[in-house]
Structures are given as C-alpha cells and as structure tokens.
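Shown next, in structure tokens, is the structure this report addresses.
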There are 2 protein chains.
Amino acid sequence: MADLSEFDIIKQYFSFSHYGHQPSENVLLGVGDDAAILSSSKNPLVVATDTLIEGVHFPNNFLPQHIASRALGVNVSDFAAMGVKPTAMTMALSLPASDSQWLADFSRSLAQQCEYYGIALVGGDTTKSPCLSVSLTLLGNTYDEGGSTLRRSAAQDGDDIWVTGSLGKGAAALALLTDTFSREEWPCNQTAKENLIASFYAPQPRLDFGIELLALANAAIDISDGLLADAQHIAEQSQSQLSIIGDTLPLHSGLLSHTDPDKIKQWALSGGDDYELLFTAAPSRAEAIVALSDKHQLPCQKIGAVKSGRGVKLLGRDWSGFEVDGYRHF
Amino acid sequence: MADLSEFDIIKQYFSFSHYGHQPSENVLLGVGDDAAILSSSKNPLVVATDTLIEGVHFPNNFLPQHIASRALGVNVSDFAAMGVKPTAMTMALSLPASDSQWLADFSRSLAQQCEYYGIALVGGDTTKSPCLSVSLTLLGNTYDEGGSTLRRSAAQDGDDIWVTGSLGKGAAALALLTDTFSREEWPCNQTAKENLIASFYAPQPRLDFGIELLALANAAIDISDGLLADAQHIAEQSQSQLSIIGDTLPLHSGLLSHTDPDKIKQWALSGGDDYELLFTAAPSRAEAIVALSDKHQLPCQKIGAVKSGRGVKLLGRDWSGFEVDGYRHF
C-alpha cells in the first residue's frame, strides 16, 4: 500500500460506493471522468469554495477524521449563511504522501459527514504536495426559481442583530490545542475543555436553522473571521451601521473561567472559527425567531441594532474602547 | 501594500470589474458573499476541479502570469475532453505571502484568460500557506437537456483512435525548464525551445475543437497523465482494448533532435502535460474529423483502433517492448 497512485486513491477512497452511500439522484456522472455531470434544476445554483491548510487552519498532526469533519463543517457553514442546502461537492486534496491508514480514516469520516448532510462527492483532484490541504467546492440550488438566499447586503435600518450559539469557542479551542496558556491563567475544567475541542474538531454548521431563517432574516453571515470582522462585512455591503452591545454577547461557558477579561473579549470579538450565524431581522420577526430557536434547540441572542451610518460600533462600559482586529490570514 | 488582508486581496485583485470584464449574465451574485449564485439552466451542469502546486505541477519561481495561464488552460482542457463550454469558476488560491506585484501579475493574466474563454470568476478562497497552489473549479452546462458529453466510457469496438496536435511537449518543456539534459544529448534549437516552453506556460486546450467533436466522437480524454495512462483510462472504463501503433504517433518537432530515441518515446508515451485530446470515433466519421481538423487548423492523427479485450497494446517494431509508466503523483 506504500505506493498508491492517484487513480488507486480515488478508486479506493473517494468513490464512496463502499460506504453504502448511494449515488445521489442528481448525479448523472460522478467521480472518474474529466468532469462530473449533475442534473439540471429550474432554481439558481449556489456555489462556494473553502480551503483548510495544515498549520494555518488547523494544527499540525491533526487527525485525518477531524480534518475531514472540520473541512466539511466549515464549508457547509457558508451554505447555512445563505439559507441553502448543499447537495454536491468536489474536493481538491493535497497530501505529502499516500498513507493508506490516513486515507482510510479521512475518507470514512468524510463519507459519514457527506451522508449526514446528503452531499454527493462528485469529483476533484488528488495531488502530492509538501503541504497538506483540503479545498472543497459545494453546490446546491436555491429553494425557489427567484434565487432567494440570505445575503450580506440586505440588512435594513432598524433591524435587530442576532447571533446563534456562543462566541469565542474557536479561538479558545485553538489555545487548548496549541497549549498557549498556563493553568493559573485559565483553570478551564475538563468538560468545558472537551466541549471546546469537539467544536473545533467538528464544527456544527447551523444549516437547518439557516434554511428556515431564510423566511425571517434580512442579512446573514457565518462567523468565521470573528464577530466584528463579519459584522463589518454586513455593514459594508448593506451600507449601514451595526451597533453591537458588548454585554449581551453570548460567551461560551468554557471562557468564563479565564482570569483575563480582555482575553475573553478578544476571543469572542475577533477569534473567529465560531461558525455561528450572525443575522439581522426586522423587530417584528423577533417572536418567530425565538420560536425557531426553541424548535432547533439552538440559543439565539439579540446583540444590537442596525442603524443608518457606517461600520461597526461596539457599545457597553467595558467594551466600547476595546481594540480588536478581525482574523487576518496575511 | 505589505500587509494586504484576504478581503483587500479579493477586492483589489479578484473582483475583475476593473479589467472591463462585465459580469456574465448568468452570474446572479458574484464574489463577496458566503457563496455565489448562478442562473439556472435546463441543461445538466458539468463540474471539474484541478489543482496546480508549485514544485509539483510547475517549477519553483514560475512567473505568476504563467501560473495563471497554466492553471486555467489545464482546467479548461478537462471541459474540452467533455465537449462542454465552461462559463463560471471558483478559485482556491494559497500563497506564502501577499506580494502585491505577484498578485497584480497573476490576476491580470487570469482575467485575460477568463475573458478569452468567457468564464466568470464567481468566488473562492484566498489563504496563506507555506505552499503556493491554485485550485480551480469550473462549471458549465451541457448543450442539450439530455446532458450529452464526450465520456471515457463510450469507446466502441472498431472505433479509430485519434489524437490532436503533437505529443511529448509537456515533458520536453519541463526538461528545458529544469535544465535536466546536456547540449550534446539534446541540441534543441532556439525556436523549438521557445515553442515548447510557451506550450508549458500557457497550454492551449482544444476547447472549440472538443465542442464540435461532441457530434463525431464516442469517447474522449485529455492527455494530462501521458498517452498510455490516459488510453488506459478509456480502455478500463469502456471495457475495451486500445491498440496503438507507435510509428503513427505525432511527435512534437522539438523532440526530434534528441539523440536518445528512448527518451523521445518516454516523453511522448508517458510524459503527460500535453493537453491534447485522445478520442475514439467510428471509421465512418474519419472524413468529418479531417474536415474539422482543417477548419480548426489543428492536426489530427489516427494512431490505432479499439478492439475487444482489455488494456492498452502498443504496436510497432521499435515500440512494442517499450516499458512505460504513466505519470504518477505519488
């Protein structure tokens, strides 16, 4: 097994037929030709690409099953933020070596995730590279012929600003995984620790919630770059001001034992990798949003309001002067 | 300019509006949201992903404009082999640093190529990585509602086997670029040299030819892995034997001055990166294929026949015993 060719790898690990995952009915031609063919739809096509690179988006020696669940979760999160269900994907996988155990673990996890979300892996490219990376392109159709989606540009003056779940867990989990803190500084308990790390291994994109939110919200984005940076994207594209009240932010419980309040704020405001939904909706939708939150057992917190103006304003006695940067790749 | 964020890079270099490239009419929402939206079509969707990695698919310090033209050319070649026109794409670009001159050169070249082929860049992901890589996912619709394409699996017993253009240029160009030969061994003249290197910098996918070939050929594949490896793909998927006559292979003129005939054969049979079309068609189509070849001023050579059996058979006095391997990434 030491010398698997690219073709062997695709046949053995990425055809997915041996996982009992039946080819999706919209796949007319799957893995194995120069390109894949998907059946047509009257509804517009949604497409998004996301890349995860070892040492940049996850630590070195991350287990292959976690790389798979993280890569798919992060990509599905983009579709959650559009309110659209993904149905097919291609994968560009770059690997330093063809390690059959690694491939078996990675592909088993990817197949399970694909089956869970109902996504068919229809094609891609497997190449040797000094750097391990996974780039997924997801495809899906909108729910109507008009192409309705949640967009960053649709926030309206007077909208409430909401966020799902809790904040700061992406950055806190990374601190745990890379061991960049002392026990005195952050006496995080074992349960909180495990919960944080699990959310990093396999982000839970808010897909079902996002799809139903399409009928209620105006603008939405997923929090991958950090709350403030992602709020800034909505503000820019909607030409509005997002006014956020720091004291209302739902912090992940694992953060609260940290002794440095500034570190907690930094993680929650700019840590990124939280994969929650930040969205805006008319105040008249509040009751329906709370009902949706109950239905999906997903906490939703109102954290501010959309106003005329520009940019993001952070309010609250302990928050307003806080200096933050969004997550920057470069 | 030393500290461009991912958002700055996308806005400045990959929105393409400042190249006079009007958004394609099938792009409902382009770069800048969580996902892009394309208008629907009654015809099935074709999708393919290809990745190019520095040091693997092109030498180190390759100029950015050549990386762009090569990345797009190689990807369009997959669509040529399906007989389908690509209309949109996403890009996953991984870069060691945000060098503004590099980005300007790369994006100018990519925009020119996109405009030439009529492809809209609709989204993607730009990330920092120790390894430079470009992964493109191309999308297009088939020409009819039935989803007609050229496929690897459709070769018929009795078909002629044809190849476009000339063989061996990919491997020969790589030898020139990496300087792995002596002047005595290969006294390649300057014109041939320039011609070979230009074909490596910017492969000319046989897209217009492939689209018209859809009405004439049965099976097709593009020669990216080497003639024999790609013939093997058709043989396997069509459950036929491809019998190829070595002496009929159209060798690139730049190869002929090489003093080692075995090296020439190796480049032509297994070098890969030629991006020509290998296709099979009923003998009754020969006249129409020659006419198509004349129309596109693209030489086409009949190099063998499809028979019952399995695998690829190489015939000819100096060829039949020749040991070759297809290009293997791992």
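In what follows, every chain begins at residue 1, and chains take the letters A, B, ... in the order their sequences are listed.
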TODO: Using a cut-off of under 4.5 Å on heavy-atom pairs, state which of A:Ser135, A:Ser41, A:Ser77 scores highest against chain B.
DONE: A:Ser41

Open item on the list: Tell me whether the count of non-hydrogen atoms from other residues, nucleotides or ligands lying under 6.0 Å of CG in B:Asn61 goes above 12.
Closed with: no

Task: Which portion of B:Thr51 sits near chain A, non-hydrogen atoms under 4.5 angstrom - done: both

TODO: Name all residues meeting the ring-ring contact (aromatic ring centres under 6.0 Å, His included) criterion together with A:Phe79; count only those two or more places apart in sequence or in a different chain, and write none if there are none.
DONE: none

- [ ] For a side chain to side chain contact (heavy atoms under 4.5 Å, CB included) with B:Ile37, tell me which candidate from A:Asn141, A:Val47, A:Thr149 qualifies.
- [x] A:Thr149

Task: Heavy-atom pair with the smallest gap, counting every atom of A:Ala35 and B:Met82 - done: O-CE, 3.4 Å

Open item on the list: Please rank B:Asp78, B:Leu45, B:Asp222 by heavy-atom pairs under 4.5 Å with chain A and give me the top one.
Closed with: B:Leu45

Open item on the list: To the nearest 0.5 Å, what is the distance between CG on A:Asp230 and CG on B:Asp34?
Closed with: 8.0 Å

Open item on the list: Counting only non-hydrogen atoms closer than 4.5 Å, does B:Glu145 touch chain A with its backbone (N, CA, C, O), its side chain (CB onward), both, or neither?
Closed with: neither

TODO: Under the ring-ring contact (aromatic ring centres under 6.0 Å, His included) rule, collect the residues that match up with A:Phe209, sequence neighbours excluded.
DONE: A:His296

Open item on the list: So which residue, A:Ala81, A:Ala220, A:Gly123, A:Ser39, ends up with the most heavy-atom pairs under 4.5 Å with chain B?
Closed with: A:Ala81

Open item on the list: Quick check: closest heavy atoms across A:Cys131 and B:Ser129, and the distance to 0.1 Å?
Closed with: SG-OG, 4.2 Å

Task: Proximity breakdown for B:Ala88 and chain A, heavy-atom pairs closer than 4.5 Å - done: neither

Open item on the list: Looking at A:Gly124, is its backbone amide N or carbonyl O close enough to the side chain of B:Thr49 to form a donor-acceptor pair, meaning the two atoms are under 3.5 Å apart?
Closed with: no

Task: Candidates A:Leu139, A:Thr90, A:Leu38 - the one meeting side chain to side chain contact (heavy atoms under 4.5 Å, CB included) with B:Leu139 - done: A:Leu139

Open item on the list: Quick check on the interface: out of A:Ala48, A:Pro44, A:Gly147, A:Gly55, who has the most heavy-atom pairs with chain B under 4.5 Å?
Closed with: A:Pro44

Open item on the list: Need one label for B:Leu29: side chain, backbone, both or neither, based on atoms under 4.5 Å from any heavy atom in chain A.
Closed with: side chain

TODO: Calculate, to the nearest 0.5 Å, the distance between atoms CD1 and CG belonging to A:Ile53 and B:Asp125 respectively.
DONE: 8.0 Å

Open item on the list: Keeping A:Asp33 on the side-chain end and B:Arg151 on the backbone end, is there a donor-acceptor pair under 3.5 Å?
Closed with: no

Open item on the list: Under 4.5 Å from any heavy atom of chain A, what part of B:Asp50 do you find: side chain, backbone, both or neither?
Closed with: both

